[in-house]
Amino acid sequence: MAQDAPPLTVLPVENVRLDYAQVLAVEPVYQTLRASRTEMRCEEIQAPKPAPPQDEGRWSKIMDSVKGVFTRDPEPAPKTEPAKPSCRMVPVEREFRRPIAYDVDYVYKGFKYRSRLAEDPGNRLRIRVSVMPYVPGQNLATP
């Protein structure tokens, strides 16, 4: 019966420690959001200006000056209409960019690595270092 038992596989214990790596570069990864809303836009439309008076002859100028001496009320100036605003609703597109992650390049023990992190780590990055012996035939995921 001892010969029929399958061979027993012993997995080595993983040795883990924490250390720091030197950060080389940090690149933010942006999410672009587009939003649109309608805004009121107003433009003033100028009322048409009255036509300038026609060039009068010499006699009419003399008559107007004599008439101005004998009358107290000067002729009223022609009234101009105030500018009227023309308002309309206009769609306005806005674009927002916000960082959602950071691509971090760092070096540890002379080897360069890149990881995508949720926050900017600064100058040093705390890393988890794991060491265990290689066992032939063992299926391990390698980075």
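Computed from a prediction, not measured in an experiment: that's the story for all the values here. As a basis for the values below, the full set of heavy atoms in this structure was taken, side chains included, without hydrogen atoms, waters or symmetry mates.
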Separation of R124 CZ from D19 CG (nearest 0.5 Å)
9.0 Å

What's the shortest heavy-atom distance between P121 and V26, and which atoms?
CD-CG2, 4.3 Å

Can you name the nearest heavy-atom pair linking Q22 to N123, along with the distance?
NE2-O, 3.4 Å

Should we say atom CZ of R114 is surrounded by more than 12 heavy atoms from elsewhere, each under 6.0 Å from it?
yes

Are V23 and F111 linked, directly or through other ILVMFWY residues, by side chains that come within less than 4.5 angstrom of each other?
yes

All heavy atoms of A21 vs all of Y106, minimum pair found to be CB-CD1, 3.6 Å

Test side chain to side chain contact (heavy atoms under 4.5 Å, CB included) on M89 and M40; report intermediate values, then the result.
CA-CA 5 Å; M89 296 298 282; M40 182 76 73; 3.7 Å; yes

Among residues at least two apart in sequence or on other chains, which ones pass side chain to side chain donor-acceptor pair (under 3.5 Å) with E119?
none

Could you pull out the closest heavy-atom pair between G110 and V107, with the gap in Å?
C-CG2, 3.9 Å

Using every non-hydrogen atom in the two residues, find where R128 and L18 come nearest and quote the distance to one decimal.
CA-CD2, 3.8 Å

Using a strict cut-off of less than 4.0 Å between a Lys/Arg side-chain nitrogen and an Asp/Glu carboxylate oxygen, indicate whether E39 and R37 qualify as a salt bridge.
yes

Decide yes or no on side chain to side chain contact (heavy atoms under 4.5 Å, CB included) for E95 and T32, but give the supporting numbers first.
CA-CA 7 Å; E95 185 172 289; T32 303; 3.6 Å; yes

If you measure from CD on E27 to CG on D120, what distance do you get to the nearest 0.5 Å?
11.5 Å

Membership question, hydrophobic clusters at under 4.5 Å side-chain separation (ILVMFWY): are L125 and Y113 in the same one?
yes

What are the two closest non-hydrogen atoms of Y20 and Y108, and how far apart are they?
O-CD1, 3.7 Å

